[in-house]
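Following: one structure in structure tokens, then a few remarks.
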Amino acid sequence: MSTQSFKKSERLKSRKTIGRLFNREGQSFAKFPLRLVYMEIEESEVPIQFTVSVPKRKFKRAVDRNRIKRLIREAYRLHKAPLFEKLMPSATADKSGKCYAWMVLFTGSEMPDYQQVEKSMKKLISKFSE
RNA sequence: ACUGCUCCCUACUCUGUCGCGGCUCCGAUCUCGUAUCGGAGGUGAGGAAAGUCCGAACAACGUAAAGCACCGUACCAGUUAAGCGCUGGGUGUCCGCCUCGGCGGAUAACAGAAAGUGUCGCAGAAAAUAACCGCUUUUGCGGUAGGCAGUGGGCAGUAAGCAGAGGCAGUCGUUUCCAAUGGAAACGUUGCAAACUGUAAACUGCCUACUUAAAACUGCCUACUGAAAUAGUAAGGGUGAAAACGUGCGGUAAGAGCGCACGCAUCGGCUGGGUAAUCAGUCUUUGGGAUAAACCUUGCGGGUUGAAAUGUCACAUAUAUCGUGGGUUGAGGUUCGCUUGACCGACGCUUCAUCUUCACCCCACCACCGGUGGGAAGGGAGAGGGAGCACCACGAAGGGUAGGCAGCUACAGGCUACUUGUGAAGGUAGUCGUAGAUAAAUGACAGAGCUCGACAGAAUUCGGCUUAUCGGGGAGCAGUGUUU
RNA sequence: ACCUCGAUAGCCCAACUGGCAGAGGCGCCUCACUUAGAAUGAGGAUGUUGGGGGUUCGACUCCCUCUCGGGGUA
């Protein structure tokens, strides 16, 4: 499996799981302009199911929201490899590895460029690894 | 060449690397499903994808009806699957031009206000029945002026009468004088009157002023006028967004389309042009303020709900559970507000007893190979009845899923050529295949170029409209300037 | 994707069935009272009625359109 691919199976799709994330079970921390909400889930083929959200209240044009989501996804795709390395070995050895659901929210109110997003994504991942 | 308007096309480009959604093909793996992974090829947002303002397709709702209600719509014709779109035409309004009655442009929810109801603030006499002021007729009551008549008055005249003075005549008286039975004069008295003067009343004439000779009053008439009543009238009345056809003449008590002429508008008829809206002419009717984006009337159209519609497969103890009713001749339903109607609607099975009937069987009698009567466990058929189940309807309280497939992209499709038409569009032929996701795909990095890149992201699909928009290119029309 | 409601002063809200520029409360400003402040009293200001266009003599109101905001759907 390529370390930079981003397949359909890596995406968080279950509406139920998303609901649980926001209700009570999810933990979260923030690195401006991003905020990570995550929780432990059972039985997944991949270590992390990932999704993105951008509030409509701050960005009214669909074009802007799409662009931000694409930037965040791109940053995640390019920098997730080290994290997977950390989670995978246990998963491959015996099936005791932990799986997580991730949702990344964009909390800023202005259009970011890719460098900003990449920087905060790196921080997010390094903090999560601890 | 520039400027303006209209229409059409286009929507930064190229290279490399890493990625994403469909599609096709190949390979590998296993739980054999076209599941997962890998690879290759090819493909992947818009002119507005937006707003959801119109119109359809498509789907479901039990068949999808009629009336009322409700909603929409409104010059005509064409175009189209359809339309509040588009094209062409007509009419009105506004603007511009000039050769002054045509041309050009813009614009219009452009049916009906002469079916009815409502509204029209302030101002104004009055906002729609025409009332008020005003004007005018008539009536009575006043005022002023004039006229006539009268009373009164003034002037003049008449003079029978009266009075006056005078005259004449007579008688008598008195007095005085003289030439003395007389005479004369004066006074008194009586008479006369035809003349003189004056004149109450009367009569006649003229006048009755206002700078006088003539105070004033009454009645009637006329004119003007005051305040009323009655009737007529809509010419005029400072307003207002809007004022009861306009101008002139006649007419009238005053006036008025009351009449006439010219003109304006208008319902309708006829003739002609046009498919029609409508235009021109002519005859006739009428002169009715605005508002229908107030209610409304008329014509036309509309069943409702929208892909989160809907079908189907899988999962889920879920065609499950509980209650009520129907099933038992009818519970319930018939869509949106109401009503009506053709109507739709489970109607099958089990069991219990009763009755009727049939054949067999048993008994008795008549009789002779049959008939009649009676009995009855069981069997067949039928009738109505009781109980229950299936099934149907409504409600309650809950449970589960939120996955797959279909709908889902090939078409009222695009492009080109020819052709028909003023045009929107149509026809014929050729050619092209061009997103289809479902937490939802187009991005990042590096480099290069240029005019330095706007508005902006598909979610069932089309045709329109509206709105946003940096630029670039093309065509047509109009104007200006330069050159030839 | 589809359906639906709303927008009036800094804030909350009236204004009928069109009538001439719009009421009220809170807040704001000035003055008085007080040593000062609060409270109280007196006075005052504040409006493109979301933008644009239309109908009408006249529009917060009726119609069209745009912008912004709210709500709903299985």
Side-chain angles (χ1 to χ4, degrees):
Chain A
M1 194 198 291
S2 168
T3 55
Q4 291 188 330
S5 69
F6 185 57
K7 293 288 180 197
K8 235 177 177 178
S9 58
E10 291 182 50
R11 298 182 187 183
L12 176 58
K13 293 182 186 174
S14 165
R15 210 175 274 196
K16 213 178 197 173
T17 310
I18 294 167
R20 282 168 58 203
L21 265 179
F22 281 106
N23 278 346
R24 50 195 171 282
E25 302 173 32
Q27 299 171 287
S28 71
F29 59 86
K31 286 283 174 196
F32 185 83
L34 299 179
R35 178 179 194 85
L36 171 65
V37 180
Y38 67 97
M39 60 178 274
E40 210 173 303
I41 54 170
E42 313 126 19
E43 296 190 21
S44 176
E45 296 173 5
V46 292
I48 291 173
Q49 287 189 331
F50 175 86
T51 192
V52 183
S53 177
V54 179
K56 195 174 189 176
R57 194 169 286 269
K58 287 178 182 170
F59 298 93
K60 295 192 172 140
R61 313 258 176 246
V63 173
D64 299 337
R65 292 197 300 276
N66 280 347
R67 167 140 188 100
I68 292 169
K69 286 197 276 187
R70 282 164 186 160
L71 291 176
I72 294 173
R73 263 202 299 272
E74 189 69 16
Y76 173 76
R77 179 177 73 80
L78 294 174
H79 297 98
K80 68 179 179 175
L83 189 59
F84 274 39
E85 289 294 318
K86 198 168 179 182
L87 292 171
M88 283 297 270
S90 55
T92 44
D94 54 277
K95 292 182 179 176
S96 63
K98 290 178 178 176
C99 298
Y100 295 92
W102 272 36
M103 172 164 284
V104 174
L105 301 174
F106 186 81
T107 54
S109 55
E110 288 178 12
M111 259 321 267
D113 57 19
Y114 179 72
Q115 277 75 19
Q116 282 177 274
V117 175
E118 190 177 31
K119 209 170 160 187
S120 358
M121 180 56 74
K122 280 181 184 168
K123 286 184 184 171
L124 268 187
I125 289 171
S126 60
K127 176 156 188 186
F128 182 76
S129 307
E130 291 168 4

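To find a chain, count down the sequence lines: A is the first, B the second, and so on, and within it residues start at 1.
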(Q) Under a 3.5 Å cut-off for both contacts, is B:rG479 paired Watson-Crick or G-U wobble with anything, and if yes, with which nucleotide? (A) B:rC2
Q.
When both hydrogen-bonding distances must be under 3.5 Å and the geometry is Watson-Crick or G-U wobble, what is B:rA35 paired with, if anything?
A. B:rU29
Rounding to the closest angstrom, what is the interatomic distance between [N] and [M] at atom [atom1]?
{"N": "B:rU138", "M": "B:rU266", "atom1": "P", "value": "45 Å"}
{"N": "B:rG170", "M": "B:rG188", "atom1": "C1'", "value": "15 Å"}
{"N": "B:rC84", "M": "B:rC300", "atom1": "C1'", "value": "14 Å"}

Q: Could you classify B:rG22 for me, syn or anti, using a glycosidic angle within 90° of 0 as syn?
A: syn
Q: Enter syn or anti for the glycosidic conformation of B:rG414, syn applying to angles within 90° of 0.
A: anti
Which pairs, protein N/O on one side and nucleotides 443-446 of chain B N/O on the other, fall under 3.5 Å?
from, atom 1, to, atom 2, distance (Å)
B:rG443, O3', A:Arg67, NH1, 3.1
B:rG443, N2, A:Glu74, OE2, 2.8
B:rG443, N2, A:Arg77, NH2, 3.2
B:rA444, OP1, A:Arg67, NH1, 2.2
B:rA444, OP1, A:Arg67, NH2, 2.2

**Q.** Cation-pi geometry met for A:Lys127 and A:Phe29 (6.0 Å, 45°)
**A.** yes
Q. Relative to the 5' end of RNA chain B, which residue comes earlier, A:Thr51 or A:Ala62, by the nucleotide with the nearest heavy atom?
A. A:Thr51
Q: Classify the nucleic acid contact of A:Arg73 as base, sugar-phosphate or nothing, counting any heavy atom under 4.0 Å across all strands shown.
A: sugar-phosphate
Q | With A:Lys122 via side chain to side chain contact (heavy atoms under 4.5 Å, CB included) - residues at least two apart | A | A:His79, A:Glu118
**Q.** Non-hydrogen atoms of A:Ala30 and A:Arg35 that approach each other most closely
**A.** CB-NH1, 3.5 Å
Q: Fit a plane to each ring of A:Trp102 and A:Tyr76, take the angle between them on a 0 to 90° scale, and name the class: parallel (under 30°), tilted (30 to 60°) or perpendicular (over 60°).
A: tilted
(Q) What is the separation between atom NZ on A:Lys69 and atom P on B:rG457, rounded to the nearest whole Å? (A) 13 Å
Atom pairs and distances, donor-acceptor, side-chain atoms in residues 67-75 of chain A, under 3.5 Å, two or more places apart:
from, atom 1, to, atom 2, distance (Å)
A:Glu74, OE2, A:Arg77, NH2, 2.3

